[in-house]
Amino acid sequence: MIFLSLVELWLFICGSWNDCNNQYLLLLVSARTNMNFKNMKVPKVPLRGIGALLSVGVVGGLGVYGLNNSVYNVEGGSRAIVFNRITGIKDKVYPEGTHLIIPWFERPIIYDVRARPHETSSIAGSRDLQMVKIVLRVLARPVPDQLPTIYRTLGVDYAAKVMPSIVHETLKAVVAQYNASQLITQRETVSREIRKILTERATKFNIAMDDVSITSLTFGNEFMTAIEAKQVAAQDAERAKYVVELAEQDKKSAIIRAQGEAKSAQLIGEAIANNPTFVTLRKIEAAREIAKEISNSANKVYLNSDSLLLNLQDLKLT
């Protein structure tokens, strides 16, 4: 099969079937009889045909290479810069869409300009020498207009080179200004201070900070034990304070109750002294209440009316 393919290729190069017909028949007979390749005469192939084929192949390959490498796409949320082998990085930033470049001489460099989260944990010392572990989450993105400068100074992995160093340094500088208790009670202020300093430092590297937040704040075991003991003592103090206030209120209530009873007794005595029928009026009211209770009871009661204050006939109303 390989032999026949070579023969057909040779016939294609020659370009004429009639001129090579005799040689073709001789080759077929030799192949089918004894397959003796040692005595076989290879036909002479015109060099002009081979050169034409090579030229067509080279031109076609260069054309395919040029088409594949002369167009590139910039996806949504990305920007591109172009590196030229002669002039270096171009200052132009290419937006989203399809763009043309010179194959081999130029190559595109794609940057994602959307905000990406970066989470960093750091252990810092507070002003009262308490070790604090802070986890900071930031949303950072490159400034699109400064992508050529970012590539020249930092490269494509700018975030890995810049973010850890500036985040750790900023956290240690801010935490050292506050006590451990202030880090808890003034957390919003601490977060705002960290964001301010971090934004200023990131601007020097052409990086924009969209958000900075403290996601975790952890203290040492000794500090947590001290805080717990302090909370327990504060609760005990509040409980004792409540007991004292309750006793004070009970004392005031007893005084007020005694004063009320004394005033009531005084008024009753004055009423009896001024009008003896006051006692009789009270007996009538008591008799009314007793009669009401007995009438609502399902049991039959037989008692002395005098003992129940129900004998109103003997009362003196004058």
Side-chain angles (χ1 to χ4, degrees), residues 72-84 87-97 99 106-220:
Y72 69 95
N73 294 324
V74 180
E75 303 296 336
S78 301
R79 296 292 186 273
I81 57 177
V82 174
F83 172 78
N84 189 288
T87 61
I89 295 293
K90 294 183 177 180
D91 293 331
K92 182 179 179 181
V93 178
Y94 295 87
E96 303 168 359
H99 306 278
E106 295 179 344
R107 62 182 176 88
I109 302 169
I110 309 299
Y111 274 90
D112 187 358
V113 296
R114 291 171 292 190
R116 301 178 62 184
H118 301 274
E119 190 170 278
T120 306
S121 62
S122 178
I123 299 178
S126 62
R127 190 169 62 182
D128 53 353
L129 303 180
Q130 295 293 336
M131 301 308 296
V132 185
K133 181 180 179 182
I134 299 181
V135 179
L136 193 70
R137 185 177 185 272
V138 300
L139 291 177
R141 57 181 175 83
V143 179
D145 297 338
Q146 301 297 325
L147 288 180
T149 304
I150 293 176
Y151 185 79
R152 291 190 186 101
T153 57
L154 300 174
V156 179
D157 54 344
Y158 64 93
K161 296 179 179 179
V162 174
M163 296 303 299
S165 59
I166 64 175
V167 170
H168 283 289
E169 184 63 25
T170 302
L171 286 177
K172 293 180 184 297
V174 174
V175 171
Q177 301 176 9
Y178 295 89
N179 293 330
S181 59
Q182 292 176 339
L183 293 175
I184 299 175
T185 58
Q186 302 179 18
R187 182 167 180 168
E188 183 65 26
T189 303
V190 175
S191 179
R192 187 164 51 250
E193 184 70 18
I194 292 174
R195 178 174 183 176
K196 178 183 176 182
I197 299 177
L198 197 59
T199 302
E200 293 176 354
R201 297 200 60 180
T203 304
K204 299 178 181 178
F205 299 96
N206 299 308
I207 300 175
M209 294 289 179
D210 292 338
D211 182 67
V212 178
S213 59
I214 298 175
T215 58
S216 177
L217 192 64
T218 307
F219 297 91

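Residue numbers start at 1 and run along the sequence shown. Computed from a prediction, not measured in an experiment: that's the story for all the values here.
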Does the side chain of [Y] come within less than 4.5 Å of [X]'s, by heavy atoms?
X      : Y      : result
His168 : Thr120 : yes
Ile134 : Ser122 : no
Pro148 : Val93  : yes
Ser126 : Asn179 : no
Ile123 : Val132 : no

Atom pair [atom1]/[atom2] of [X] and [Y] - distance to nearest 0.5 Å:
X      : Y      : atom1 : atom2 : answer
Ile150 : Lys161 : CD1   : NZ    : 12.0 Å
Arg107 : Asn84  : CZ    : CG    : 10.5 Å
Leu217 : Ile184 : CG    : CD1   : 6.5 Å
Thr218 : Met131 : OG1   : CE    : 12.5 Å
Leu139 : Met209 : CG    : CE    : 9.5 Å

If a pair satisfies salt bridge (charged side-chain N to carboxylate O under 4.0 Å, His left out) and one of its residues is in residues 167-183, list it, with sequence neighbours excluded.
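Applying salt bridge (charged side-chain N to carboxylate O under 4.0 Å, His left out) to every pair that reaches into residues 167-183, excluding sequence neighbours, yields nothing.
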Enumerate the salt bridge (charged side-chain N to carboxylate O under 4.0 Å, His left out) contacts for residues 110-133, please, sequence neighbours excluded, ordered by first and then second residue.
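Applying salt bridge (charged side-chain N to carboxylate O under 4.0 Å, His left out) to every pair that reaches into residues 110-133, excluding sequence neighbours, yields Asp112-Arg114.
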Got a list of side-chain donor-acceptor pairs under 3.5 Å for residues 189-207, not counting sequence neighbours?
from	atom 1	to	atom 2	distance (Å)
Arg195	NH2	Asp210	O	3.2
Thr199	OG1	Arg195	O	2.7
Thr203	OG1	Thr199	O	2.6

Can you say whether the rings of Tyr94 and Tyr72 are parallel (under 30°), tilted (30 to 60°) or perpendicular (over 60°)?
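Perpendicular: the ring planes of Tyr94 and Tyr72 meet at over 60°.
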Aromatic plane relationship, Tyr111 with Tyr151 - under 30° parallel, 30 to 60° tilted, over 60° perpendicular
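The rings of Tyr151 and Tyr111 stand perpendicular, inter-plane angle above 60°.
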Give the minimum heavy-atom separation between [X] and [Y], together with the two atoms involved.
X      : Y      : answer
Ser216 : Arg187 : N-NH2, 3.9 Å
Ala140 : His118 : CB-CD2, 4.0 Å
Arg141 : Pro144 : NH1-CD, 4.3 Å

Start with the C-alpha gap between Leu147 and Val113, add the side-chain angles, then the distance that decides, and say whether side-chain contact (heavy atoms from CB on, under 4.5 Å) holds.
CA-CA 9 Å; Leu147 288 180; Val113 296; 4.3 Å; yes
Without swapping roles, check the side chain of Ser78 against the backbone of Val74 for a donor-acceptor pair under 3.5 Å.
no
Audit row: Leu136, Ile214, side-chain contact (heavy atoms from CB on, under 4.5 Å) steps and yes/no
CA-CA 5 Å; Leu136 193 70; Ile214 298 175; 3.9 Å; yes
Worked check of salt bridge (Lys or Arg N to Asp or Glu O under 4.0 Å) between Arg152 and Asp91:
CA-CA 11 Å; Arg152 291 190 186 101; Asp91 293 331; 2.9 Å; yes
